[in-house]
Every structure is written in C-alpha cells, then in structure tokens.
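Before any comments, here is the structure.
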Amino acid sequence: MINKIEKKLAISENNFSKYPEKNLYLNYLFYLNFANLKDQFNEEENIVNHYSNTAEEIVFHEENCENIFKSILSEVTEEFNRFHKQNFNKKSISLILGHWLKRFIKICYDRYHLLEIAFNQYKLNKVEILNVENFNFSTKESGGIYYASINEKWNYALVSKIIHFFSLGDYEIIKDNKNNEFLDFEFEKFQKTEKKNLKIIFTKKILNSLNFLRSQKDSIVYLSYFPFLKEKSLEFTLGQLPSYWNFDYKINSNFDLNERSKIRFDIKKDGKNIENFIKSILPNALPVSFIEGFKNLLDLEKKFPSNPKLIFSCNAFDMNDLFKVYAASKQMHGTQIISGQHGSGSFLLPDSNFIPELNFSDYYLTWGKNDNKKYLPLFNFKTLSKTKITGGKNFIIYTRSLGYSLTLFDRQKENLKTIETINKVSKNLSQEILSKTKIKLHNFSHKKLHKNLNQIYKEIQFNKILGKNLIQTSKDAKISLFLYNSTGILECLVLNIPFLCFWPDTKKQINPVLLKKFEILKKAKIYFDKEDELINHINNIWDRVDNWWNDSFTQQKIELFNKDLNLKPKNDSFTKLSSFLTNIKNFDVKTKTDDIYPLW
C-alpha cells in the first residue's frame, strides 16, 4: 500500500525538506547523518519499513547474500588472476577477498532493498542523484569498508548508482565537482595495548635479533588471542624458535581509473538484478591494496617463511591485507590454514554461520562447539591464564560499539534503543545503585564518524569508562550489565564474573539455534527479555549479588549453558592444542581439491 503523503527521500543534504515530517530516511544511519535530532520525528512516517526484523529474517537474507557470494566467486577469481597474472584458486581468493566482498555484497543488498521499499511504498518527490559512472568507491585497504559504510558521500554515491541502475522512481542526475574524491579510509590495522608491557617489549627486541635463525618451514602463529608469552611458547612446542612476526604495512598506491577499466565482469542480460549490479560496481570498489597495491603486498610477503606447515590466527584473517595475501600464497603450496573463534564468529549472532573463515579454513578452532568434523573444540581462548577476578563496588553497563552499516538489519536503530534502555534504567534503579553506575563505552567506537550518537552519550550523566578491557573493568564491578550479545558474556561465564544481559529486540540478536541456550540463562535470571523484570531484579539482588550468583541453581544453569559451547581452560588444554598443531601435515597440492566450503 502506497503512503499517500508526498515525501522527500533524504539521502543527502540536497535531498532534504525543510519540513521535517516530509523527510523519509532509508534507515537510522541516514537519519543520524542528516536529521536535526530536535526536529519532529515519527519512525512509522520518517523511516523506511525495514525488510529484516527478526533473527530468522536476518538468517534468510544472509543466505541470499551467501548465494550471491558463491555465484560470483568463480568469476572474481578468474578476473583477479587475469588482471594480476596469478593462479589463485577460489579458496585462496576467498581468504584474500572474502571478508571485504561479503561485507560489500551485504551493503549493496541492504541499500537496494531499502530503496525498493521506499519507491514502492511511498509517494516520493523527484530525487537528485550523483553522476557516479567513474566514482571511486574503493578504500585504501579492506578494513576501510567499515568506515565507507557510514560515510555520507560514499552512501549517497552508492544509492545514486542503485537508483540509476534499476531506474527507480523519478530522478535527476546532477554534477558534482568532487565526484572523484578519494575516500582515504585507512583502518587501524594493528592493535595497541592499553599500557606498555616492558617484559613483552624486551622479548620482542630479543626475538627480532634472532630473525636470522628462522627456518623457511617455520609455522606462523599470529594474533591468536593467547597472551603473548603463551603464543611464543606454542611456537616452541612446534619445534621452532619463537619469532616476532611483524605484518605491519602501508599502502602507498592510489586509485587508478585507467587500470580499473581493465577489470571486467560479465553482466548477464537476464534482467537488472542485485548480482549484476554488484558486478557492475566491483571494478571501482575493490580496495586499492588488492588492485594498485597488490604487487607491493606480494613483494612484502616474501620476507616471511616460504614453506610454513601451518598458519594460525584468530584475528588477522579479517583486515590485515598483507597477512591475508601471505596466507593465501602459502595455502596454494600446501600450507594448512587454521583459524580460531573470535567475536563475530562466536556462534552467538544470527550471522555467525556465514563468516568467511568457514569458507577458507582447513580447521576452525572453537571455544567448545563441536558439531562439525572440521571443528576442534578447545576452550575460551580469551580466558587462558586469567585468574579469579575480585570485583569492586560499582554497577557497570557495557554498551555496543557505535557500529557501522554493513549488516542486514538496522544497526544504528539498536544504538538508539540502547540509549532508551539506559535512560529507563536511570529512572528506576535505587539511588544507591545509580550513584555507583558507570557506562563502559566500547573501545571500537569511532568518534569522528558518530557525531550525533557521541553527543547523545555525552549528555548521559553517568561516568564513562573507555580504553579498558573486560578484565580491567570487571575489577571495578560488583555486577555488570551487557546491553548487547557480546563475547564478553562468554568470558564472564567462564571466569564466573557476575553479570546480567538485556538488549533491544531481544531475540533478534541471538542465533536461532542458540535460543534454548539463552532460555537457560533466562531461568537463572541472567538473561532478560523484558526491561521491567531486569530493573526489578537489579534492585532486588544488589545487596546480595554473591549469594544469587553463587547459588547452586545459578551455577548449574551456567554450567549447562557452557556445555559444548564455551569451555573453561583446563590444565591440559594448551597441551591438547600444541599436540594438534604439531601433528598437522601439509596437504598434497596435487590431490587437494579447490573446496571453498570445507567446514559446511
């Protein structure tokens, strides 16, 4: 049914009505980017009705995007090899491009479906769109897709291209003098420790001085989630000298439109569909690191072992482009690729089953999940060597990162709902609790890109915590509250740290296959799906948190939740991992098939 009221599609500043009630935003990203938050606003009238509102719907659309990924991967592999004169197989290209390509597909899929709903269900004024035929949609490296996804100009250019490609509604193409401006997003590739550890700094210097003793067959263990010295001891058990692997790099190349014009994908003549659109925009969207800067990465990867038995990481396969190119090159020659469970691959979320590691890894080391022959259930890596935490006296509220817009649901809407929950909590908790309440802001929130949200958080009167990890923060907490489905929940359950959890659209953030697990936590009054019940529980247990948490019923439920999902490290856990890695053998590249889905 078409909304009879004429609206202005607010996709840019020049597509904006001075009458707030007439503006229609694709989602809350566009609302937060362009709206005056003090203006009149009604979600039903001013935000496009989202296509994905339940966990099951998220999974359905994730499957659609996965099918697009699988459909175009062969052609992407072929064209990537032709352009660079290489011979990577699909599995290796999935390693190099998988994280970026899946995110890019989801962004295009999301914007297209929101635009389709907007033009089908609303009466819209003529829209002004950019001429983006030669627009530079690329970022300097693959991690830049996060920043691009919430950038006003980049999104305006993308929806302009979608509107023109699909001939949506009535539009006018306008000139833009900054049309070819390079969006120089550069992701912070390398994690910085909160405080300098002199022991680790000294150890790294020693290891650097011993680099000349490296063997070309040394395995690579990098960003494993294990404490640094544990990581080095793991290398020692593999029969090699511990090394400090430095995968720092810098992309100095620039977007080259002439080079990009040589990249061509087959646009099928079977109608204007989202897959054809993605292939039409890919040449100008692929990261500079994988096009103009790729040769440099190939040169840099030669400084690492040429024939490692295995490459193991939990984090580096995502956004370290040098590491990915190195791992893919070695995989082509028989090296086993082993990835470990991490945040987005924690199995907690609706999209957890679609992470790229499940496409390219030979083994996936989990924190306990064991329902696949390629999974190796070990323990919660982030809790290794962590001792019992003695809590403090405060009530700590954990908030999600301010986030990006590359999901198949309205990520920014969750931020606003989280703020609503904080405001409700502040009005209904006892004064004693409120006086001891602090908000732990997520360390991964980019202030410059979230001006409106940061301003809202600034107006919340509670003290803020920033830059500390969960262990450091827990020492200050009598009890904590997670307002999102965080891996911090799994850490607390293993380390036996008292906490509660609640989030807006409660079941929307839970992987449907784990709903029964969360029902267990609900019975223990750890997980809540109603705000009022949560608030009453906090008030009721504040003076007896330890009694409630250590009660046999609560502890039994925690143990039941953790079973086969979130295991506590045992004395022999690290030995088990060492033994597994030691016994791995290189595969025979002559007989190994190019199977990009070894874990499914």
Side-chain angles (χ1 to χ4, degrees), residues 1-53 107-135 137 148-181 183 271-274 276-278 280-281 405-406 408-413 416 449 451-453:
M1 181 177 177
I2 296 178
N3 189 314
K4 301 292 186 182
I5 302 175
E6 199 168 71
K7 296 285 187 181
K8 191 79 172 176
L9 189 61
I11 55 176
S12 65
E13 290 182 351
N14 54 298
N15 285 287
F16 202 76
S17 173
K18 63 180 179 179
Y19 304 105
E21 69 276 10
K22 291 191 174 183
N23 286 314
L24 179 68
Y25 304 96
L26 285 181
N27 56 20
Y28 274 92
L29 167 70
F30 287 85
Y31 171 68
L32 289 169
N33 274 348
F34 298 116
N36 182 339
L37 301 191
K38 296 179 181 179
D39 283 342
Q40 176 183 336
F41 172 79
N42 181 298
E43 180 178 309
E44 291 185 3
E45 293 294 327
N46 297 112
I47 297 280
V48 171
N49 183 32
H50 206 281
Y51 58 88
S52 185
N53 295 294
I107 292 172
C108 294
Y109 182 96
D110 173 76
R111 306 303 189 269
Y112 165 67
H113 280 277
L114 292 174
L115 284 168
E116 187 179 45
I117 294 169
F119 282 100
N120 286 338
Q121 296 185 3
Y122 297 86
K123 185 178 180 182
L124 299 176
N125 295 135
K126 179 180 286 189
V127 183
E128 292 184 351
I129 66 172
L130 297 175
N131 180 352
V132 292
E133 183 179 357
N134 295 320
F135 190 87
F137 286 97
S149 74
I150 57 175
N151 179 268
E152 296 174 16
K153 179 67 174 292
W154 193 89
N155 273 284
Y156 183 26
L158 179 62
V159 298
S160 293
K161 191 169 183 69
I162 294 173
I163 290 170
H164 181 61
F165 183 89
F166 290 98
S167 302
L168 297 175
D170 186 13
Y171 61 86
E172 175 186 358
I173 298 176
I174 62 172
K175 293 182 179 179
D176 180 19
N177 294 330
K178 296 182 179 179
N179 197 33
N180 290 313
E181 179 184 0
L183 299 179
K272 294 185 176 181
N273 56 55
I274 189 63
N276 279 342
F277 172 79
I278 290 167
S280 76
I281 194 176
S405 252
L406 32 66
L408 299 176
F409 56 92
D410 197 335
R411 178 69 180 77
Q412 299 305 316
K413 181 178 180 179
L416 294 177
L449 298 177
K451 294 177 182 178
N452 274 328
L453 280 174

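Taking the side chain as every heavy atom from C-beta outward, Arg111 and Leu29 approach each other to under 4.5 Å. A 4.5 Å side-chain heavy-atom check between Ser167 and Lys272 finds at least one atom pair inside the cut-off. Taking 4.5 Å as the limit, every side-chain heavy atom of Asn33 sits out of range of all side-chain heavy atoms of Tyr25. Looking at heavy atoms from C-beta onward, Ile47 lies out of side-chain contact with Phe30 at the 4.5 angstrom threshold. Side-chain atoms of Asn23 and Asn15, non-hydrogen and from C-beta on, never get closer than 4.5 Å to each other. Between Asn27 and Gln412, the closest side-chain pair of non-hydrogen atoms is not below 4.5 Å. Using a 4.5 Å heavy-atom threshold, the side chains of Tyr109 and Tyr51 count as touching. Looking at heavy atoms from C-beta onward, Asp170 lies out of side-chain contact with Leu124 at the 4.5 angstrom threshold.
Atom NE2 of His50 sits in a crowded spot, with more than 12 heavy atoms from other residues, nucleotides or ligands closer than 6.0 Å. In Glu172, the CD atom is crowded: over 12 heavy atoms of neighbouring residues, nucleotides or ligands sit closer than 6.0 Å. Surrounding NZ of Lys22 are at most 12 heavy atoms belonging to other residues, nucleotides or ligands under 6.0 Å away.
Under the 30°/60° scheme for interplanar angles, the aromatic rings of Phe16 and Phe34 are found to be tilted.
Within the 6.0 Å centre-distance limit, the rings of Tyr28 and Tyr31 are counted as a close aromatic pair. With ring centers used as reference points, Tyr112 lies under 6.0 Å from Phe166.
Asn14 and Tyr156 are linked by a side-chain donor-acceptor pair at a separation below 3.5 angstrom, with hydrogens and angles left out of the test. Side-chain contact of Asn125 with Glu6: a donor-acceptor pair under 3.5 Å is present, judged by distance alone.
Nearest heavy atom pair, residue Ile107 against residue Ser149, reads CD1-CB, 3.8 Å.
Note that CG of Leu26 and CG of Leu115 are 5.0 Å apart. Values are rounded to the nearest 0.5 Å. Residue Leu158 holds its CG atom at 5.0 Å from CD1 of Ile281, rounded to the nearest 0.5 Å.
Each of Ile173, Leu130, Ile11 was checked for a side-chain contact (heavy atoms from CB on, under 4.5 Å) with Ile163, and the lone residue meeting it is Ile11.
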